[in-house]
Amino acid sequence: RILFDDDLTLVELHRRLGQGMEFHATPLTNQFGLDAWREEYGPEAVPLLAVSEDGSVSVGTVDSPLDPKASDTLLALVPGEVRAAPQPSD
């Protein structure tokens, strides 16, 4: 099974990290879901894992891409110097 993305081999992961990409965690909300996340971080960003409120972890694969929900935390590889994502409001 291929994790994350067809093009994200170990060599490619090292290359992207060497070019300044970073691992970043973003809490998702009803107002800031996956579509808003993609718009914010752009096409180079790669969703890797989703952690639910109960702590269960979902791993994205080529055959089964992530489908994170509001209240999940999305862990991803994103371009460096990311802007702070909107925080959940109380």
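Everything numeric in this text was worked out from a predicted model, so none of it was measured. We use all heavy atoms of the structure for the numbers below, so side chains are in, but hydrogens, waters and symmetry mates are not.
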For the student: nearest non-hydrogen atoms of T26 and W37, plus distance: OG1-NE1, 3.7 Å
Candidate list S58, P65, S64, test side-chain contact (heavy atoms from CB on, under 4.5 Å), partner T61, passing option: S64
So F32 and Y41, would you call those rings parallel, tilted or perpendicular, with 30° and 60° as cut-offs? perpendicular
When rounded to the nearest 0.5 angstrom, what is the spacing between OG1 in T29 and CG in D72? 11.5 Å
To check you understand the geometry: which heavy-atom pair defines the closest contact between A76 and P47, and what is its length? CB-CA, 3.9 Å
Where do V78 and H24 come nearest, in terms of heavy atoms and distance? CG2-CB, 3.6 Å
So which heavy atom on E22 is nearest to which on G80, and how close? CD-CA, 3.8 Å
Can you name the residues that form a side chain to side chain donor-acceptor pair (under 3.5 Å) with E53, not counting sequence neighbours? none
Option from L75, L28, L49, V51 for which side-chain contact (heavy atoms from CB on, under 4.5 Å) with P68 holds: L28
The criterion is salt bridge (charged side-chain N to carboxylate O under 4.0 Å, His left out); which residues satisfy it with R38, sequence neighbours excluded? none
Going from CD on E12 to CE on M21, what distance comes out if it is rounded to the nearest 0.5 angstrom? 9.0 Å
Residue pair E44 / R16: nearest heavy atoms and the distance that separates them: O-NH1, 3.8 Å
State the CG-CG distance between L74 and L66, to the nearest 0.5 angstrom. 6.5 Å
